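Heads up, the thing below is written out as structure tokens.
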2 protein chains.
Amino acid sequence: MTRKAAPTLEDVARAACVSTATISRALNSPDKVASDTRQRIETVIEALGYTPNFGGRVLASNRTNTVGAVIPTMANAMFASGLQVFQQELSTASYNLLVASSGYDAGNELQQIKSLVTQGADGLLLIGSSRPPETTRFLELRKIPYVIAWCYQAQDKRCFAGFDNIKAASRITLEVLQKGHKNIAMIAGRSAQNDRARNRIIGVTECISKFNDAQLLSVNETEYTLDAGGSAFEDIMRQPDKPSAIICGNDVLAAGAIVRANQLGIKVPEQVSVTGFDDIALATVVSPALTTVRVPQLEMGKVAAKALLELISTGMAKSVELPIEIIHRDSLTDAPEAY
Amino acid sequence: MTRKAAPTLEDVARAACVSTATISRALNSPDKVASDTRQRIETVIEALGYTPNFGGRVLASNRTNTVGAVIPTMANAMFASGLQVFQQELSTASYNLLVASSGYDAGNELQQIKSLVTQGADGLLLIGSSRPPETTRFLELRKIPYVIAWCYQAQDKRCFAGFDNIKAASRITLEVLQKGHKNIAMIAGRSAQNDRARNRIIGVTECISKFNDAQLLSVNETEYTLDAGGSAFEDIMRQPDKPSAIICGNDVLAAGAIVRANQLGIKVPEQVSVTGFDDIALATVVSPALTTVRVPQLEMGKVAAKALLELISTGMAKSVELPIEIIHRDSLTDAPEAY
DNA sequence: CTGAAAGCGCTTACAG
DNA sequence: CTGAAAGCGCTTACAG
């Protein structure tokens, strides 16, 4: 099986009767080459089926035109669709996307980051702002351009493309309180290695604490699965002090809670209101449909790509804070008077 | 901003008092190096914070340790979770994953394939078996190792990691028929550039044609969204000849149909049964929960990764056919007697 | 606008 | 087990 060697710049140069330098220019900065030469070169390239060798190009230019993304998980719809837009945006700039997942584990994240950087990623997309010093040190040391999505911190010099999770969580909490709910519970994501989950808890807590007659009965941290949401719901509804509303850390948890409620014969929202977070497809499919906070997933992907590209080429890019929105559907209603 | 140049093999060699060749060996085939030399080298590498330069390595070895995946869309949960497993499996073999999406468009797919190959992908994961000759030619010409997921064709010499969509669609159809349904409709994906969608239609059609007293009233091709599923459902139920069961090309379509049915006050499954395909999270969240065919998403990701790695290193790998399974939930019930 | 040539940082036969 | 050296295929000042 003798695999005919792919044509090289050398081959093209010979066939087109120019130097390799000119061909390289014709490819990378066409305007520096006379148009007739350029035409001749293009013909030859076409005829030979030449494509630049990746390794040669990378070694000489020290750039890969590749960007890496490390996300918590691809299995959750909330990251996947943003990633899609991110990739499309990169694609228009002739950049490719390397993807890895951390499984919400900081050690794993560092490992994946190192792997992507070793594979030559020119820049990185990361989710969330807080990570162990070891990771931060690595990023700094290697001067890796990176943008952080899914959160926003005004005072921070790093580049964000996201929204303020504390504010967003406060917003949905306010909706709940305005419906007259006094006894509230929260089903949250695991906050230990997840600043978004943590900040959503903070947002809920802070908002409730401003209302004298309202109280946060409990915060149940759990993994982001339907089952876990269901179990947490069941636990909460077994307590003597039942809430009239449950605020969930994301839509998966909320959908899990509602599905379980339906199975247990507990009426949502008549007996308990439930709210979500993220606004993924699930939110419209559960019954009752989720009142939730819509997170600008697609917009984040797009903005993050632009920022990262700019960061790579110019060395700096501005953070952008995207707006969230409360989506009113059927899972949140007025607190029962008698309560 | 003088960015201190990263240490090279050269630097390590000098510091460890050995040749660059030895270091390269210590890195790539440690057993070829005396253990004390290796130790010394490791210390120096650690001290200098050396990591191999990607471009140099790629140019010299002609391998990137990167594979690419071109999937129809990341936004749909069915591909995303398989991709996650695929990446994890690659990761254990020190391979990285480049991802791109085609949006179910063949032209787009070719463009993305070219882009990934240009970026040095050692191999490719592709979804589905049928593509334009132009694409096939490119793949052949460049001798790109690739594996095809989400389908399986016994007679084919290409490498598959998937299941037989025709058989799978027949299986679920048989379930429907065995419940006594005679008048059936199908809501399918767009089959033009999508062999899975096409084969599922074939499977349904073939199976029904074997039953003399049953008929396929209509096949409604539409895009894979909740709304499209809902609209198709509405159209179907507006016809004078209503089906007693609707077989859907995937869970998104089925969930969309059921949500719409609920809104219209049409009872599922009492008035119409509805079945899905894929078994994604949505299937358990809609109410009634979907009777559907479970596709081995995660297993496919894993098997595909193994096959691709083997294909890259040895030049060949066997196709594997994975089993599907019918998941019985609540959206399919007996046909009304009176019908 | 074009060419000659150095150099990017590795890997890998080939010798020893 | 180790080293000297060629070579991978580009890009990019530097001259002209």
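Note on naming: letters A, B, ... go to the chains in the order of the sequence lines (proteins, then strands), and numbering restarts at 1 for each one. Remember, predicted model here, so these are calculated numbers, not experimental data.
- Applying the 4.0 Å criterion to OP1 and OP2 of D:dT2, one finds that B:Arg25 has every side-chain N and O outside that range.
- We find that B:Asp11 and B:Arg14 are joined by a salt bridge, their nearest charged nitrogen and carboxylate oxygen being less than 4.0 Å apart.
- The interatomic distance linking B:Glu10 (CD) with C:dG7 (C1') rounds to 13 Å, in whole Å.
- Checking the phosphate oxygens (OP1, OP2) of D:dC10, no side-chain nitrogen or oxygen of A:Ser24 falls inside 4.0 Å.
- Spacing between atom CZ of A:Arg14 and atom C1' of D:dG9 amounts to 13 Å, rounded to whole angstrom units.
- Within the 4.5 Å cutoff, side-chain heavy atoms of B:Arg142 are placed close to those of B:Val117.
- The shortest distance between the side-chain N/O atoms of A:Asn28 and the OP1/OP2 oxygens of D:dT11 is below 4.0 Å.
- Heavy atoms of B:Val18 sit under 4.0 angstrom from primed sugar atoms or phosphate atoms, though from no base atom.
- You'll find that the side chain of A:Thr37 is closest to C:dC1, out of C:dT11, C:dC1, D:dC8.
- Distance, A:Phe54 CZ to C:dC8 C1': 15 Å, rounded to whole Å.
- For D:dG3, the OP1/OP2 oxygens have a side-chain nitrogen or oxygen of B:Thr22 closer than 4.0 Å.
- The side chain of B:Ser19 has D:dG3 as its nearest neighbour among D:dC10, C:dT11, D:dG3.
- Nucleotides C:dT12 and C:dG16 place their C1' atoms 16 Å apart, quoted to the nearest Å.
- A:Ala21 comes within 4.0 angstrom of a base, heavy atoms only.
- The CD1 atom of B:Ile23 lies 9.5 Å from the CD atom of B:Glu10; values are rounded to the nearest 0.5 Å.
- With a 4.5 Å cut-off on side-chain heavy atoms, A:Leu110 and A:Glu134 count as touching.
- Toward the 5′ end of DNA chain D lies the nearest nucleotide of B:Gly56, the other residue of the pair A:Ala60 and B:Gly56 mapping further downstream.
- With a cut-off of 3.5 Å on both pairing distances, the Watson-Crick or G-U wobble partner of D:dG3 is C:dC14.
- A close approach under 4.0 Å does not occur between any side-chain nitrogen or oxygen of A:Thr8 and OP1 or OP2 of D:dG9.
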Could you walk me through whether A:Glu89 and A:Tyr95 pass the side chain to side chain contact (heavy atoms under 4.5 Å, CB included) check? CA-CA 9 Å; A:Glu89 192 69 26; A:Tyr95 263 76; over 6 Å; no
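- Nearest-nucleotide positions on DNA chain D for B:Cys17 and B:Ser61 put B:Cys17 closer to the 5' end.
- The interatomic distance linking A:Arg40 (CZ) with C:dT2 (P) rounds to 8 Å, in whole Å.
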